[in-house]
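Residues take their numbers from the sequence shown, with the count starting at 1.
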Amino acid sequence: MLEHEDGPLEDNELGSEDINYLKQVYGDDEESNDPEQSTESQKSDELQEALDEDLDLFGEPMVDPSKKSKAAKTPKEESKSQPETYDEHYICLVYNKRISVPESGLTLEQIRQWLEVTFPQFAANRTEMIVDQEQKYIIPTVRKGPAKG
């Protein structure tokens with residue numbers, strides 16, 4: 001027979017302190033008194049949650065391709081983020097030549113007009129100006145035909 005501070009205990013009796021302690025250790029579930037069984041149920045719950053999520057091959061959340069993110073920029077939006085004017089530090093790459101921008105504060109259209117004097121193929125309706133901000137390059141490219149529109 002076991003002794004307890006409340007008095008002698010039968011083999012199947014537990015005191016209220018013992019019951020509270022067991023509830024803290026093993027949880028408040030009266031159905032599952034086995035700790036291994038509760039961890040298995042937790043693992044199965046976590047597995048089911050993981051299966052409910054749409055994950056790609058590498059375990060990252062899948063993005064619906066029909067929904068466009070606001071972070072992705074289209075080429076038109078990128079051109080708006082470029083500075084309006086360019087200084088002497090920018091270099092025009094024309095064929096095999098490197099030509100510095102003649103003066104500070106020129107826009108892409110003014111640079112194109114300046115290049116058109118020497119290179120007539122850079123007409124306004126056939127030229128696209130590509131800007132590399134990191135290396136400070138301006139690359140005029142001639143399209144096959146005039147721009148539509």
Side-chain angles (χ1 to χ4, degrees), residues 4-5 12-149:
H4 194 271
E5 42 186 69
N12 295 338
E13 277 186 29
L14 292 177
S16 60
E17 291 176 9
D18 297 329
I19 292 172
N20 289 336
Y21 173 75
L22 290 174
K23 283 183 179 180
Q24 288 176 352
V25 171
Y26 297 113
D28 222 3
D29 267 347
E30 292 181 15
E31 296 173 1
S32 63
N33 292 334
D34 187 14
E36 290 180 11
Q37 190 177 23
S38 64
T39 57
E40 287 177 12
S41 65
Q42 287 174 352
K43 288 180 182 177
S44 66
D45 291 342
E46 291 173 2
L47 181 61
Q48 186 60 39
E49 288 175 10
L51 290 174
D52 290 341
E53 294 179 29
D54 290 333
L55 302 177
D56 64 2
L57 181 64
F58 303 105
E60 297 175 1
M62 291 180 64
V63 178
D64 189 9
S66 63
K67 297 179 182 177
K68 293 184 179 179
S69 69
K70 294 182 180 180
K73 293 184 177 180
T74 61
K76 291 182 180 179
E77 291 178 82
E78 289 178 9
S79 65
K80 290 180 182 178
S81 66
Q82 297 173 355
E84 291 290 320
T85 59
Y86 300 91
D87 57 9
E88 297 92 7
H89 298 291
Y90 281 85
I91 297 172
C92 293
L93 301 178
V94 181
Y95 304 118
N96 61 350
K97 298 178 180 159
R98 298 169 58 100
I99 304 169
S100 295
V101 174
E103 57 187 62
S104 181
L106 294 178
T107 63
L108 284 177
E109 179 59 24
Q110 291 171 334
I111 294 171
R112 188 207 55 79
Q113 290 172 357
W114 173 73
L115 287 171
E116 188 178 10
V117 172
T118 310
F119 304 98
Q121 64 270 26
F122 293 129
N125 60 349
R126 294 178 181 249
T127 305
E128 179 182 357
M129 303 291 273
I130 301 171
V131 179
D132 184 353
Q133 295 291 336
E134 292 177 10
Q135 297 180 356
K136 296 197 174 199
Y137 289 147
I138 299 173
I139 307 164
T141 56
V142 178
R143 290 187 287 237
K144 189 173 183 178
K148 293 181 182 179

How many angstroms lie between atom [atom1] of [X] and atom [atom2] of [Y], to the nearest 0.5 angstrom?
X      : Y      : atom1 : atom2 : answer
Glu103 : Gln110 : CD    : CD    : 8.0 Å
Thr141 : Phe122 : OG1   : CZ    : 8.0 Å
Thr107 : Gln113 : OG1   : CD    : 7.5 Å
Ile138 : Gln133 : CD1   : CD    : 8.5 Å
Glu128 : Leu108 : CD    : CG    : 11.0 Å
Arg112 : Cys92  : CZ    : SG    : 12.0 Å

Show the nearest heavy-atom pair for residues [X] and [Y], with the distance to one decimal.
X      : Y      : result
Tyr90  : Tyr137 : CD2-N, 4.2 Å
Leu93  : Pro140 : O-CD, 3.5 Å
Met129 : Ile111 : CE-CG2, 4.1 Å
Tyr86  : Val101 : O-CG1, 4.3 Å
Glu88  : Ser100 : O-CB, 4.4 Å

Tell me, with the steps shown, if Ile99 and Phe119 meet side-chain contact (heavy atoms from CB on, under 4.5 Å). CA-CA 12 Å; Ile99 304 169; Phe119 304 98; 3.9 Å; yes
Checking Arg143 against Thr127 for the side-chain contact (heavy atoms from CB on, under 4.5 Å) test, could you report, in this order, the C-alpha distance in whole Å, the side-chain angles of both residues, the deciding distance, and whether it holds? CA-CA 6 Å; Arg143 290 187 287 237; Thr127 305; 6.0 Å; no
